[in-house]
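Read through the structure below, which is laid out as structure tokens, and then see the notes.
Every number for a ligand or one of its atoms is a count from 1 in the order of the listing.
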Amino acid sequence: MTFNAQILTLYPEIFPGPLGTSLAGRALSEGKWALDAINPRDFATDKHRSVDDTPAGGGAGMVLRVDVMAAAVDHAIERMTEKIGSSRAQSRGDLGNEGVSTSLDTNGEGALGSHGQRLSSNSVRPEPVAGLSSSAAPTSTTPDQVRGRAATRLPAAPILAMTPRGKPLTQARVREIATGPGVTIICGRFEGFDERLFQGRPIEEVSIGDYVLSGGEMGALVLLDACIRLLPGVMGASSSGDDESFEHGILEYPQYTRPQIWEGRIIPEVLRSGDHAKIAAWRKQRAEEDTRLRRPDLWERHRDAPDQSPSGAQEKDKDKE
Ligand code: SAH
């Protein structure tokens with residue numbers, strides 16, 4: 001199955017960029033994942049094709065317009081549904097509002113997304129969905145028609161927006177996304193997004209760290225790279241990344257390779273002992289100790305909930321064997 005990545009970006013030429021080489025590049029040419037860049041500028045409606053405007057309340061910079069961004073998001077939702085939803089609907093023998101989770105919010109409390117994020121409440125209304133025909137760009141649709149088509153449904157795959165105000169991205173979330181049918185990533189520019197975009201559409205706000213980039217594209221590349229390496233058959237057969245940093249909520253143990261002695265420094269004796277039980281114990285102890293010293297934040301969380309990885313349950317099953 002192909003993992004479908006959709007990127008909303010004013011700079012589509014950035015993609016696939018570094019994801020066109022090495023592991024990710026090979027996986028792309030083998031069809032393990034597919035990339036589709038959507039330019040919000042194609043959804044601008046004025047003659048200058050503007051996508052931004054000055055911030056309400058004043059201040060520096062420009063803000064991405066909610067109407068233009070929402071039109072691009074709606075297009076992305078339909079396109080994703082066509083790619084993955086229609087095949088699901090066909091296999092179930094029904095058509096229409098399928099291929100999407102339909103846990104609609106009818107009580108005004110706001111629906112929860114698969115990640116537990118609170119989704120939009122104000123525009124979420126259960127309306128019948130007309131045939132999911134392909135939507136070309138911009139358009140004379142009324143806001144209600146647009147809402148009827150897209151905002152009343154939860155998307156077939158998660159929609160993430162890159163923003164420093166978002167929830168920090170974690171390996172656990174990356175793994176969840178990678179096991180799904182795909183992801184749509186919205187890249188900000190300038191001062192970022194009009195807040196109403198997140199109220200009106202089921203979008204998860206995500207940050208890649210406590211620093212500010214000039215645009216969301218680098219964040220999108222980071223997120224995609226992290227997902228792609230987890231897709232089946234992308235990494236070497238031997239490893240599914242199970243031992244790596246963050247998979248169990250802690251850092252990985254330190255690694256060594258030949259030469260055995262370098263500038264007078266020798267590889268720890270235990271790693272040369274051939275005693276697998278001792279090696280495993282040493283690695284566990286170093287992983288824990290280094291996490292405690294380097295990342296007290298992670299260590300504290302790990303102590304409270306020892307295995308935070310989504311694969312934690314499987315790990316426990318494996319241990320029993
Ligand atoms: N005014 C915003 C920053 C805008 S930076 C603020 O202070 O919060 C422009 C764009 O870069 C953002 O819209 C976002 O898409 C992207 N970006 C910047 N830093 C990011 C981060 N840490 N994580 C994810 N995206 C980021």
Side-chain angles (χ1 to χ4, degrees), residues 5-19 24 35-44 49-77 80 113 115-120 155 157-178 182-230 245-246 295 297-298:
Q6 296 190 141
I7 314 289
L8 265 67
T9 172
L10 294 168
Y11 300 96
E13 65 277 13
I14 291 177
F15 297 89
L19 300 180
L35 180 68
D36 202 354
I38 296 168
N39 192 337
R41 204 170 289 284
D42 294 338
F43 298 84
R49 298 178 78 210
S50 35
V51 294
D52 56 345
D53 209 333
T54 53
M62 300 294 273
V63 177
L64 289 165
R65 286 175 55 140
V66 66
D67 53 347
V68 176
M69 295 307 290
V73 169
D74 292 342
H75 176 71
I77 291 174
M80 185 65 86
H115 188 36
Q117 79 276 27
R118 192 150 292 280
L119 300 175
S120 125
I159 306 172
L160 274 53
M162 285 293 151
T163 161
R165 285 165 46 86
K167 190 169 172 185
L169 188 62
T170 61
Q171 183 66 15
R173 183 63 186 131
V174 164
R175 211 171 247 289
E176 277 171 5
I177 293 169
V183 65
T184 297
I185 307 171
I186 311 169
C187 303
R189 279 275 158 178
F190 322 123
E191 288 305 316
F193 304 99
D194 182 315
E195 189 65 17
R196 291 169 295 175
L197 183 65
F198 306 127
Q199 296 161 348
R201 294 295 181 273
I203 295 169
E204 198 179 316
E205 295 173 71
V206 169
S207 164
I208 64 157
D210 292 347
Y211 41 80
V212 179
L213 306 167
S214 57
E217 287 78 8
M218 299 293 178
L221 290 169
V222 165
L223 170 62
L224 279 182
D225 182 75
C227 288
I228 291 161
R229 62 188 283 284
L230 297 178
S245 292
F246 313 116
R295 293 291 304 274
D297 56 323
L298 277 185

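- Short contacts between ligand 1 and Val212, defined as distances under 4.0 Å to a heavy atom of the residue, involve ligand atoms 5 (S), 19 (N).
- Residue contact annotation: Gly219 has no non-hydrogen atom under 4.0 Å from ligand 1.
- Between Phe193 and Phe198, the ring planes lie perpendicular to each other; the angle is over 60°, past the 30° to 60° tilted range.
- Atom CZ of Arg196 sits in a sparse spot, with 12 or fewer heavy atoms from other residues, nucleotides or ligands closer than 6.0 Å.
- Closest protein heavy atom to atom 2 (C) of ligand 1: Glu191 O, 3.5 Å.
- Each of the atoms 11 (O), 15 (O), 16 (C) of ligand 1 lies under 4.0 Å from some heavy atom of Gly216.
- Residues Ile7 and Ile14 fail the side-chain proximity criterion, which asks for heavy atoms closer than 4.5 Å.
- Looking at Leu10 and Asn39, their side chains come closer than 4.5 Å, going by heavy atoms from C-beta outward.
- Scanning the protein for heavy atoms near atom 24 (C) of ligand 1, the closest one is Thr163 N, 3.5 Å.
- Nearest protein heavy-atom contact of atom 8 (O) of ligand 1 is Pro164 CG, 3.4 Å.
- Atom numbering of ligand 1 starts at 1 in the shown order; those under 4.0 Å from a heavy atom of Ser207 are 22 (N), 23 (N), 24 (C).
- Counting protein heavy atoms only, atom 5 (S) of ligand 1 is closest to Leu213 O, 3.2 Å.
- Summarising the geometry, atom OG1 belonging to Thr184 is positioned 7.5 Å from atom CD1 belonging to Ile77; distances are rounded to the nearest 0.5 Å.
- Across every non-hydrogen atom of Cys227 and Ala178, the tightest pair is O-CB, 3.6 Å.
- At a 3.5 angstrom cut-off on N or O pairs, Arg165 does not count as close to ligand 1.
- Looking at atom 23 (N) of ligand 1, its nearest protein heavy atom turns out to be Ile208 N, 3.0 Å.
- By the criterion of a heavy-atom distance under 4.0 Å, the backbone of Ser214, and not its side chain, is placed next to ligand 1.
- Residue contact check: Gly192 has heavy atoms under 4.0 Å from atoms 13 (O) of ligand 1.
- Counting only heavy atoms from C-beta outward, the side chains of Met69 and Arg201 never approach each other to under 4.5 Å.
- The shortest N or O to N or O distance between Phe190 and ligand 1 is not below 3.5 Å.
- Looking at Val51 and Phe43, their side chains never come closer than 4.5 Å, going by heavy atoms from C-beta outward.
- The nearest pair of heavy atoms linking Gln171 to Leu230 is NE2-CD1, 3.7 Å.
- In this structure, the side chains of His75 and Ile38 come closer than 4.5 Å at one or more pairs of heavy atoms.
- Regarding atom 15 (O) of ligand 1, its nearest protein heavy-atom neighbour is Met162 O, 2.6 Å.
- Comparing heavy-atom distances from atom 10 (C) of ligand 1 across Ala220, Gly188, Gly209 singles out Gly188 as nearest.
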